[in-house]
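First comes the structure, then the notes that go with it.
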Amino acid sequence: MTTDTATDVFEEHRPVLMGVAYRMLGRVADAEDVVQDAWLRWSGADHGQVREPRGYLVRVTTRLAIDRLRQIRTRGEAYVGPWLPEPYVTDLGDTVPDAAERAVLADSVSLAVLVVMESLSPLERAVFVLREAFGYPYADIAAVLDRGEAAVRQLAGRARRHVEERRPRYEVDPAERRDLTERFLAAATEGDLDGLMSLLAPDVRLVGDSGGKAKAPVRILETADKVGRFVIGAARKDAPGVSFRFVEVNGGFAVLALAGDKPDSVLQLDVADGVVRAVYIMRNPDRLGSLAAL
């Protein structure tokens, strides 16, 4: 395999590798670092001994992501306020024509699922990602992790139960989410508290992630009254010089707020039965850099 061919092979599989690494880590920069490390391993490999490049690259990326996740957890860095995954642009376009497959991929990268996955062990997380998001057979996952198939099945079952017990118990309809997001944004920017309250479920939750580096609630807000009043107050303060752009992040419709041409925050809603069930606001400036080019 020539150097150019090896590069082409790697680039062909880069989206999958990035998808694995991001789902494992929930951080774009860390995922990009892992994929770059995988490229270094690939560029130095004896390609004549690699029968299945995709399998080899997924195995290398998964193991590197496990190592990176363990390093992050060993450091035990304190995070100020609630944590959300870093926004990840996921406009699948025509690359995944099958509707069922699109739904699985979108769900596996959703904010709600990634937040739950954060509490899994590195091995559980790897098994869950490879099995649930990418449909890998247990035997292949066992080869990736150098574990027995029975052990992998146990890890998969434990991870699946953990996620199912803690994930939201409602399906998010894409069209409904878009409609409610547009109405939510209009009510917030117009200072229409009554209009906003009419969109919120009584037990709605607001999760604001700033890492202590921007204004956001340091605790999760609950109830329509608290969430509605906070959103109206925040929109009133942030209004001057702020513009909005609709984007697809983490498998769903979202709003990117720009202060001038600089990303200021990302807003995404979970909706069901015609009301907003959860509000996610990502404001940590260290984790919005990947959206600057949008």
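With rounding to the nearest 0.5 angstrom, the CG atom of L288 is 8.0 Å from the CG atom of L256. Put simply, CG on L185 and CG on L180 are 12.5 Å apart, with the number rounded to the nearest 0.5 Å. The distance from the CD1 atom of I72 to the CG atom of D67 is 11.0 Å, given to the nearest 0.5 Å. Taken from CH2 in W39 to CG in L57, the straight-line distance is 10.0 Å, to the nearest 0.5 Å. Distance check, rounded to the nearest 0.5 Å: CZ of F184 to OG1 of T189 gives 10.5 Å. The structure places CZ of R54 at 8.5 Å from CG of L17, a figure rounded to the nearest 0.5 Å.
F253 and F246 have parallel rings, their planes meeting at less than 30° on a 0 to 90° scale where 60° marks the start of perpendicular.
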Quiz prompt | Worked check of side chain to side chain contact (heavy atoms under 4.5 Å, CB included) between E124 and M117 | solution = CA-CA 9 Å; E124 288 172 340; M117 284 173 57; over 6 Å; no

Quiz item: Can H47 and V9 be said to form a side chain to side chain contact (heavy atoms under 4.5 Å, CB included), step by step?
Solution: CA-CA 11 Å; H47 300 129; V9 169; over 6 Å; no

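The number of heavy-atom neighbours closer than 6.0 Å to CG of D261, taken from other residues, nucleotides and ligands shown, is 12 or below. No more than 12 heavy atoms of other residues, nucleotides or ligands sit less than 6.0 Å from atom CZ of R229.
Between the side chain of R277 and the main chain of V204, no donor-acceptor pair closer than 3.5 Å is present. At least one donor-acceptor pair closer than 3.5 Å links the side chain of S119 to the backbone N or O of V116.
When all heavy atoms of L221 and P217 are compared, the pair lying nearest together is CD1-CG, 3.9 Å. G211 approaches D209 most closely through the heavy-atom pair N-OD1, 3.5 Å.
Side chains of D270 and Y280: a donor on one and an acceptor on the other come within 3.5 Å.
By the 4.0 Å N-to-carboxylate-O rule, E176 lies too far from R183 to be salt-bridged with it. The pair E165-R161 does not meet the salt-bridge criterion, since no charged nitrogen lies less than 4.0 angstrom from a carboxylate oxygen.
Put simply, the residue from R283, K215, R245 that forms a salt bridge (charged side-chain N to carboxylate O under 4.0 Å, His left out) with D264 is R283. The residue from V35, V34, L40 that alone fulfils the side-chain contact (heavy atoms from CB on, under 4.5 Å) condition with L64 is V34.
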